Number of protein chains: 2
Amino acid sequence: MSTPPYHHGNLRAAVLEAAERLLDQGGPSALSLRGIAREAGVSATAPAHHFGDLSGLLSDLAAIGFQRLAETIRRAATDPAPRAPVHAYVRFAQDNPGLYTLMFRSDRLDYRRESLAAASQASWAVLLRSVGSEARMPAESDLATLGQVTFRWSLLHGFCTLLLDGQLRPLLANPACNGDPHVLLDVMVPPPAPVRPGPVPTQAPSP
Amino acid sequence: MSTPPYHHGNLRAAVLEAAERLLDQGGPSALSLRGIAREAGVSATAPAHHFGDLSGLLSDLAAIGFQRLAETIRRAATDPAPRAPVHAYVRFAQDNPGLYTLMFRSDRLDYRRESLAAASQASWAVLLRSVGSEARMPAESDLATLGQVTFRWSLLHGFCTLLLDGQLRPLLANPACNGDPHVLLDVMVPPPAPVRPGPVPTQAPSP
DNA sequence: GTTTTTATCTTTACAATGTAAAGATTGATG
DNA sequence: CATCAATCTTTACATTGTAAAGATAAAAAC
């Protein structure tokens with residue numbers, strides 16, 4: 001058997017893959033710099049050269065998560081079913097519980113990182129477009145649009161967070177749910193969900 | 001100056017207070033078993049005898065948080081303003097960011113703990129009552145009630161999580177918000193919010 | 001083609017953490 | 001008073017993040 005070469009070649013990608021593997025197995029708490037290096041088959045301090053420190057590595061991983069989530073929503077938006085994006089969002093969280101949790105654990109991330117800031121901002125564009133806004137940044141929108149965006153994201157993110165945290169288990173134990181979160185999701189999400197602009201039925205009037 | 005007595009007296013309460021002090025200062029990531037012991041002025045392994053391990057200590061602290069949150073909602077429910085509980089919930093998260101974050105970080109908590117399980121279950125009762133249900137457990141409710149509960153909690157929890165995580169900063173930077181999350185909250189929360197049962201306007205019909 | 005530089009990876013080292021085990025102290029119990 | 005049990009301390013060990021210095025090899029310079 002040949003010893004591995006001193007220079008890995010593309011350790012950066014290998015480390016991110018190793019990290020995601022551990023993330024899928026043991027959740028965010030299983031992500032240690034040394035553990036990831038071990039999984040990737042390199043020395044304990046090798047990743048530091050590529051990512052700076054642990055929060056740098058996790059931030060790049062979270063950035064990948066935001067990119068994938070945005071892509072998932074973008075793709076689901078082409079589905080004729082009006083609530084396809086909603087279910088796609090939740091399914092993303094279900095399919096990638098560790099990654100989704102990591103993405104919103106700001107104490108382990110560094111939002112000054114270029115990669116994470118860009119990916120996060122790109123998610124905003126997708127979100128704004130989903131409520132019919134042409135703006136690319138929330139700062140350029142009017143209050144009603146902000147309300148819609150906040151409403152949508154809060155509802156979905158809250159649901160996913162509670163779900164992954166196990167807080168919805170008592171609800172899902174109810175026979176009417178049959179253990180399926182999407183049943184709960186269907187009775188929770190307000191029905192019309194206009195994709196294109198127009199009057200906002202579930203919105204409060206301006207004070 | 002007299003040396004402190006070998007037996008503290010009520011170290012349990014002192015440790016919890018020390019923990020909350022550190023939590024308020026540095027967030028959940030500042031909570032280490034040794035650091036808490038240091039803050040309480042005892043040896044590093046003293047808390048272990050009262051709480052077992054770190055997750056035990058944090059679980060008891062989170063349980064206190066759930067009790068306080070439930071009490072906050074209960075008190076706000078007597079306010080004539082229909083949306084008082086909503087604002088009270090968000091204000092609780094704003095006033096206790098570390099505690100609120102800890103309460104929903106399941107990877108550091110142990111829900112098999114009596115204290116935490118009881119406090120969490122008590123929160124359910126309050127939540128169910130807020131939508132007019134008489135049930136004390138979600139398992140006893142019908143699907144429509146579950147939908148309402150899930151809707152309310154997801155929306156509020158999602159908003160608070162995003163807020164504390166800093167994800168709403170781009171929105172709050174919008175001049176219309178004036179940096180106040182409650183402005184955003186007001187345009188987000190659906191208006192009628194019936195406290196007592198009746199037809200549910202923002203709810204989807206059964207499929 | 002040889003030398004120098006630079007990026008990449010390893011080894012070593014150190015402080016901090018969680019927790020297990022054993023010992024010290026003290027209030028309670030008989 | 002003697003014994004016990006609860007409480008707290010000391011000691012010890014494996015693990016972590018990360019800084020510093022050394023080894024290796026690819027790339028660049030000549």
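Please read all numbers here as calculations on a predicted model, not as lab measurements. Proteins get letters first, then strands, A, B, ... in listed order; numbering begins at 1 in each.
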| request: Decide yes or no for B:Leu163 and B:Leu172: does some side-chain heavy atom of the first lie under 4.5 Å from some side-chain heavy atom of the second? | output: yes
| remark: B:Leu58 atom CG is separated from C:dT17 atom C1', nearest whole Å, by 13 Å
| said: Taking side-chain hydrogen bond (donor to acceptor under 3.5 Å, both in side chains) as the definition, give me every residue that meets it alongside A:Asp24, ordered by chain and number, with sequence neighbours left out. | reply: none
| query | Just how far, in rounded Å, is C1' of D:dA12 from CZ of B:Arg34? | reply | 10 Å
| Taking only residues two or more places apart in sequence or in another chain, which ones pass side-chain hydrogen bond (donor to acceptor under 3.5 Å, both in side chains) with B:Gln67? | none
| message | Per the salt bridge (charged side-chain N to carboxylate O under 4.0 Å, His left out) rule, what does the pair list look like for residues 54-64 of chain B, sequence neighbours excluded? | response | B:Arg12-B:Asp60, B:Asp60-B:Arg113
| note | Residue set satisfying side-chain hydrogen bond (donor to acceptor under 3.5 Å, both in side chains) with B:Arg34, at least two apart, ordered chain then number -> none
Would you mind writing out the side-chain donor-acceptor pairs for residues 135-142 of chain B within the sub-3.5 Å range, not counting sequence neighbours?
unit_1: B:Asp142; atom_1: OD1; unit_2: B:Thr145; atom_2: OG1; d: 2.5

| Pairs where residues 61-74 of chain A contributes a residue and the test salt bridge (charged side-chain N to carboxylate O under 4.0 Å, His left out) is met, not counting sequence neighbours | A:Glu20-A:Arg68, A:Glu71-A:Arg74, A:Glu71-A:Arg75
| message | Please give me every residue in residues 35-54 of chain B whose heavy atoms get under 4.0 Å of an atom in DNA chain C, ordered by residue number. | response | B:Arg38, B:Thr45, B:Asp53, B:Leu54
| field | Stretch residues 101-110 of chain B: residues that reach within less than 4.0 Å of DNA chain C through a heavy atom | value | none
| Sequence neighbours excluded - side-chain hydrogen bond (donor to acceptor under 3.5 Å, both in side chains) pairs with any residue from residues 89-102 of chain A | A:Tyr89-A:Tyr100, A:Tyr89-A:Trp153, A:Gln94-A:His182, A:Tyr100-A:His157
| said: Does anything in residues 45-59 of chain B form a side-chain hydrogen bond (donor to acceptor under 3.5 Å, both in side chains)? List the pairs, not counting sequence neighbours. | reply: B:Asp53-B:Ser55
| message | Which residues pass the side-chain hydrogen bond (donor to acceptor under 3.5 Å, both in side chains) test with A:Arg169, not counting sequence neighbours? | response | none
| Near DNA chain D, which residues from residues 12-33 of chain A have a heavy atom under 4.0 Å away? | A:Ser32, A:Leu33
